[in-house]
Amino acid sequence: MKVLVLGAGVVGTAAAYFLASDGHEVTVIERHEAAARGTSQSNAGLVSPGDATAWASPSALKTFLRGLWNHELGIKVRPTLDPYFYAWSLRFLRECTVARMRANTRVKLRLALYSRDCINAVSEQIGIHYDERKRGIVYFFRSQKSLDSGTDNYRFLAEHGLPIEIVGRERLIELEPGLAAVKEKIAGGVYSPIDQTGDSKQFADKLAAYAAEKLGVNFLFGTTVTGLDIDGDRVRAVMTSAGPVAADAVVISMGPESGLLGRRYGIDLPVYPVKGYTMTVPLDDETKGPTMGGADEDQLLAYSRLGNRLRMSSTAEFTGFDRTFKSRDFNSILKTSKDLFPGAFDEKKALLWAGLRPMMPNSVPVFGRAKYSNLYLDTGHGHLGWTLACGSGKLITDLVAGRKPEIDPQGLVYKG
């Protein structure tokens, strides 16, 4: 079968790899000049089932509403004239109950655990490395109050299959000596030993190269999707800046642009962009940096050790499709990073970046056939695209092939 994958982020690239491995003739259409040059270029670097708690929750609701006027919070909401933002927000608010959060979290965790195994299997099978570290991730809290309340979500994840260890201050520093400088500022946290870290851009670059060289995947880089040629209940071709490209099946993996394309053709696809910021800096003194990934839950900062680099990520900003940034947007990230790892890096060497996460109102990605008999979705991964990419690729391959997936698809399949 000839399959078109729209988008060569880490999600689309993984889908292309698994589809080609399944025997399909695969072409990938990507507007950038290489794989992983959009949202996947500089994420937090965490492959983290431990971060599978649905973002839509009662606490997120409170912060979201406060973010309308207080732009110093981790969630920032900028005024917009985009009517779809308000439609998306209403759907998001409906997901912010405890019951919905728990239900969505169970689905995300199921996919995250599956995907983490898939990432490791792929890297082992084809021999690629991407500054990966498989030492776990620590999620820590600065006060006893936040520790007591914050561990509830991790206990729920543990009840549904995630191995965790709830740790006090001494044990936390034993696990992560890189936090010794702020030992007295930390009350304790959660250690997720199966979580890991790695550079998604390196992974996607190498996976794309392998897929092209060994599996015959054709990557049309520098090519923009302009529309779909619909004939009855089928997509006959994808219209692009280089002309029409015909296929037997089409998979949409266009990150935050997925919703824009889908809605043009009557598909209810509530993917909305949420901007995140990252700062990547070489470690001048590696002994003062972290030895594994982590998250400062009170300061809403996630970080990864990528070889001799430190990657820090923070903020969820609702500002439409604006990808621009100013140096002051990173003040909070820089302040927290210098507090956690004093003397580890020179801020003048920092590489700053901002990208858009493709967020669904319920925080769960969506898969499967949508409206047309040969059009499929593999999108809406939010802040866990790197974590969920390979599991998503295997799932969409099974759905395109019309066979029973290895993973239970309940809660993941599109029902527009």
Side-chain angles (χ1 to χ4, degrees), residues 43-46 48 50-67 69-77 96 101 105 136-158 162 164-192 195 197 274 276-279 288-305 310-317 329-342 344 357 363 383-384:
N43 53 37
L46 306 180
S48 48
D51 197 22
T53 299
W55 190 60
S57 65
S59 60
L61 171 59
K62 294 176 184 177
T63 308
F64 180 86
L65 294 175
R66 289 171 58 204
W69 65 85
N70 185 348
H71 294 160
E72 300 303 315
L73 300 174
I75 297 178
K76 303 179 182 180
V77 184
C96 288
M101 179 188 70
T105 295
I137 292 174
V138 288
Y139 304 86
F140 57 89
F141 301 84
R142 291 178 177 250
S143 73
Q144 190 62 46
K145 180 180 179 181
S146 61
L147 175 63
D148 292 341
S149 60
T151 52
D152 288 345
N153 289 333
Y154 292 99
R155 293 180 193 276
F156 181 81
L157 294 173
L162 179 73
I164 66 166
E165 179 184 352
I166 297 177
V167 298
R169 177 185 295 138
E170 298 298 331
R171 173 60 173 155
L172 182 67
I173 302 305
E174 178 184 328
L175 290 164
E176 178 48 278
L179 291 172
V182 287
K183 175 180 176 180
E184 299 307 319
K185 298 179 181 180
I186 296 174
V190 174
Y191 173 55
S192 178
D195 284 9
T197 57
V274 180
Y277 296 83
T278 66
M279 182 174 77
K288 295 180 179 179
T291 62
M292 67 177 81
D296 185 332
E297 296 281 25
D298 289 278
Q299 299 299 320
L300 300 179
L301 177 118
Y303 59 83
S304 294
R305 174 76 178 268
L310 178 61
R311 168 79 51 77
M312 291 79 70
S313 176
S314 187
T315 310
E317 183 175 2
D329 295 326
F330 297 83
N331 287 346
S332 177
I333 294 177
L334 181 59
K335 179 181 178 181
T336 302
S337 301
K338 290 171 70 175
D339 175 54
L340 293 174
F341 310 111
R357 309 176 184 102
S363 310
H383 70 290
L384 286 190

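Heavy atoms only: backbone and side chains are in, while hydrogens, waters and symmetry mates are out. Fair warning: this is a prediction, and the values are worked out from it, not measured in the lab.
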Give me the atom names and distance for the closest heavy-atom approach of L175 to M292.
O-CE, 3.2 Å

Mind checking the OG1-CZ spacing from T278 to R311? Nearest 0.5 Å is all I need.
5.5 Å

Applying ring pair (Phe, Tyr, Trp, His ring centres under 6.0 Å) to F141 and not counting sequence neighbours gives none

Taking atom CZ of R305 and atom OG1 of T197, what is their separation to the nearest 0.5 Å?
9.5 Å

Could you pull out the closest heavy-atom pair between S337 and M279, with the gap in Å?
OG-CE, 4.3 Å

Least distance between heavy atoms, L310 atom then P290 atom:
CD1-CG, 3.6 Å

Which pair of heavy atoms, one from S143 and one from D298, lies closest together, and at what distance?
N-OD2, 4.2 Å

Any chance you could lay out the side chain to side chain contact (heavy atoms under 4.5 Å, CB included) test for E165 and V190, step after step, and finish with the verdict?
CA-CA 6 Å; E165 179 184 352; V190 174; over 6 Å; no

Are V182 and F341 close enough, and set up right, to give a side chain to side chain contact (heavy atoms under 4.5 Å, CB included), and what steps lead you there?
CA-CA 8 Å; V182 287; F341 310 111; over 6 Å; no

If you measure from CD on Q144 to OG on S149, what distance do you get to the nearest 0.5 Å?
10.0 Å

For D51, all residues meeting salt bridge (Lys or Arg N to Asp or Glu O under 4.0 Å), sequence neighbours excluded
none

Quick one: CD on E176 to CZ on R171, what's the gap to the nearest 0.5 Å?
12.0 Å

Could you tell me how the ring of Y139 sits relative to the ring of Y154: parallel (under 30°), tilted (30 to 60°) or perpendicular (over 60°)?
tilted

Contacts of A54 meeting side chain to side chain contact (heavy atoms under 4.5 Å, CB included) (sequence neighbours excluded), chain-then-number -> M101, N104, T105, S363

For Y191, what residues pass the ring pair (Phe, Tyr, Trp, His ring centres under 6.0 Å) criterion, not counting sequence neighbours?
none

Check: Y303 and L340 side chains under 4.5 Å, non-hydrogen atoms
yes

Rounded at 0.5 Å granularity, tell me how far NZ in K335 sits from CD in Q299.
7.5 Å

Side chain D195, main chain G50, donor-acceptor under 3.5 Å:
yes

Side-chain touch L179/I186, heavy atoms, less than 4.5 angstrom:
yes

Do you know the tightest heavy-atom contact between S304 and L46?
OG-CD2, 3.1 Å

What residues form a salt bridge (Lys or Arg N to Asp or Glu O under 4.0 Å) with D339, not counting sequence neighbours?
R142, K185

Check side-chain hydrogen bond (donor to acceptor under 3.5 Å, both in side chains) between R169 and all other residues, then give those that pass, not counting sequence neighbours.
none

What is the distance from atom OG of S314 to atom CG of D296, rounded to the nearest 0.5 Å?
9.0 Å

Determine the minimum heavy-atom distance between A344 and G289, stating which atoms define it.
CB-N, 4.1 Å

Any side-chain heavy-atom pair of L147 and E297 under 4.5 Å:
no

Test side chain to side chain contact (heavy atoms under 4.5 Å, CB included) on L301 and S313; report intermediate values, then the result.
CA-CA 6 Å; L301 177 118; S313 176; over 6 Å; no

L162 and S192: side chain to side chain contact (heavy atoms under 4.5 Å, CB included), yes or no, with the steps?
CA-CA 8 Å; L162 179 73; S192 178; 3.7 Å; yes

